[in-house]
Amino acid sequence: MARLSYARIKYLFFSWLAVFIGSWVIYVRYNSYTELCRGQECKTTICDKYRKGIIDGSACEGLCTKETIYFGKCLSAKPNNQIYLGIWGNLEGVIKCQMGNTLHLDFGADLEPRKEIVLFDKPTRGTTVQKFKEMVHSLVKTKLGDQGNLQDLVNLILKAADSNKDGHVSLPEAKSAWALLQLNEFLLMVILQDKEHTPKLLGYCGDLYITERVPYTSLYGISLPWIIEVFIPSGLRKRMDQWFTPSWPRKAKIVIGLLEFVEDIFHGLYGNFLMCDVSAKNFGYNDKYDLKMVDMRRIIPEMSLKEYFKDKSCESDLDCVYGADCGTTCDQNKRRCTADVTQPNLTKVCLLVKDYLLSGTPSEIQEELEKQIYSCIALKAAAKHMEMEHALILNNLKALLWKKISHTNDS
């Protein structure tokens, strides 16, 4: 009887403990969700500005009047960047909205309130179209440097700002466009709209914008319920990510697309852009296994990044980092960060896809592929002939992969 009583007490104790821990986890998760997912609040703020005639855009009517834009699953990772799956009529998209009562890191070294985005106070009433063009030109020059063809980019931006395509940019349209231009991802989407690997911009209203939905939202891996995720060791999680990948020819096609994207942003029409968060979750693909970018918020104009590191004090190289993957060195004599990054985009991409691509590689190209990938990883941004080596390695890698899959259905 004593043993039975002890077993019963033990059972009740562990049952109570399991219920307590489960309830605590659910409570924390719920609090986290309500903090991260504030799409309705974002929509209310945007629609209030639209109804008052302060802002306008191609998505305003569907969002606020006809209500044909619906918020679906919340994907937000930070409270100030609201991200939702959404539906706009018969189109599936991703809705991105900036919360105005938070702070954000622009390209300067300090945190600054997003006042002009929240209040939509620029341009002011009475601003002429010519003056607005000058404002846009000055802004993109600050972000991208003194490129010779900036006027072409200004014209692209004004074309995007004319949401109703009447040949005229109204003041509410200009306020929306100006707010969106503060967001690096939006500027990059305008620059790369004709490129295959950039999701299409479907519409905007204020600083809320909607992009094409990418069917597969990670380069590799499997999405698991959070309750299971927390109990899986990181080593096992990495192995599982490699188990759930497409066939090798399809992986090769996706990587070719990723290499093409690197080409698109390396010394393109409007300068060089640097990838400061090269993780699998930022790259996806469609049903045809064509690479599509999922998140471009950490792809930064080189000029802006140099400005960020300018006069930044440091004790070691660890102090000279932006995002997860953009770093410079610390000049120990001056105790200041240097301006030039240590790794080019191509090196970061090769590090990301090394295991992904080498797993299941056909034996006849295994040795050559390994050689090329490791040559790619060894590439340094400060190399004497870096641009020439960059082009050579990238083209050789693309050619090797394409030659192997060009005769297959996956090509």
Side-chain angles (χ1 to χ4, degrees), residues 33-89 91-104 106 112-125 127 132 135-136 139 157-158 160-166 169-190 199-213 295-297:
Y33 180 87
T34 54
E35 174 66 20
L36 289 175
C37 300
R38 300 157 65 190
Q40 189 58 43
E41 183 181 339
C42 200
K43 177 183 175 181
T44 300
T45 302
I46 290 290
C47 289
D48 179 62
K49 302 292 184 185
Y50 170 65
R51 293 187 183 107
K52 290 178 179 177
I54 297 172
I55 59 173
D56 200 0
S58 54
C60 290
E61 191 175 78
L63 183 71
C64 306
T65 307
K66 294 183 177 179
E67 296 193 350
T68 54
I69 296 175
Y70 301 96
F71 285 70
K73 181 181 178 182
C74 175
L75 305 175
S76 306
K78 294 181 179 179
N80 60 325
N81 290 309
Q82 293 296 297
I83 305 176
Y84 281 79
L85 295 180
I87 297 175
W88 186 1
L91 297 175
E92 291 186 342
V94 177
I95 302 170
K96 299 186 178 184
C97 182
Q98 317 309 307
M99 293 302 295
N101 59 347
T102 56
L103 301 177
H104 86 300
D106 201 15
E112 299 177 351
R114 299 176 60 251
K115 288 183 179 178
E116 65 181 28
I117 294 180
V118 177
L119 300 177
F120 300 103
D121 60 351
K122 289 184 181 180
T124 56
R125 186 174 297 279
T127 301
F132 182 56
M135 290 172 60
V136 173
L139 178 65
I157 291 168
L158 291 179
D162 181 16
S163 59
N164 59 4
K165 307 304 177 189
D166 64 352
V169 179
S170 66
L171 182 61
E173 287 174 334
K175 286 180 181 289
S176 290
W178 184 257
L180 287 165
L181 286 173
Q182 314 307 312
L183 309 174
N184 184 64
E185 183 176 49
F186 181 84
L187 176 60
L188 191 57
M189 289 188 74
V190 172
K200 301 302 178 187
L201 178 66
L202 301 181
Y204 64 87
C205 184
D207 60 355
L208 176 150
Y209 58 105
I210 306 171
T211 66
E212 169 191 8
R213 181 177 176 181
D295 189 341
M296 300 194 296
R297 285 174 296 168

Got a second to check how far [X]'s [atom1] is from [Y]'s [atom2], nearest 0.5 Å?
X    : Y    : atom1 : atom2 : answer
L85  : I87  : CG    : CD1   : 9.0 Å
N184 : R297 : CG    : CZ    : 11.0 Å
K49  : C60  : NZ    : SG    : 13.0 Å
S170 : I55  : OG    : CD1   : 11.0 Å
C205 : D56  : SG    : CG    : 7.0 Å
L201 : M189 : CG    : CE    : 5.0 Å

Please list, chain by chain and in numerical order, all residues satisfying side-chain hydrogen bond (donor to acceptor under 3.5 Å, both in side chains) with [X], sequence neighbours excluded.
X    : answer
E185 : K96, Y209
S163 : E173
N81  : none

For this session: Please name all residues satisfying salt bridge (Lys or Arg N to Asp or Glu O under 4.0 Å) with K165, sequence neighbours left out, ordered by chain then number.
Result: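 Partners of K165 by the salt bridge (Lys or Arg N to Asp or Glu O under 4.0 Å) criterion come out as none, since no residue qualifies.
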For this session: Identify, with sequence neighbours excluded, every residue that meets salt bridge (Lys or Arg N to Asp or Glu O under 4.0 Å) alongside E92.
Result: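 Listed in chain order: R213.
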Not counting sequence neighbours, which residues clear side chain to side chain contact (heavy atoms under 4.5 Å, CB included) with [X]? List them please.
X    : value
P123 : T127, F132, M135, L171, A174, K175, W178
L188 : L192, F273, M296, I299
D48  : K52
C47  : K43, R51, L63, C64

Determine the minimum heavy-atom distance between [X] and [Y], stating which atoms define it.
X    : Y    : answer
P79  : R38  : CB-NH1, 3.9 Å
A77  : L36  : O-CD2, 3.4 Å
D162 : Y204 : N-OH, 4.4 Å
I46  : F120 : CD1-CZ, 4.3 Å
V169 : L158 : CG2-O, 3.7 Å
G86  : I95  : CA-CD1, 3.9 Å

Problem set entry | Summary of ring-ring contact (aromatic ring centres under 6.0 Å, His included) pairs that have at least one residue in residues 51-75, sequence neighbours excluded | F71-Y84
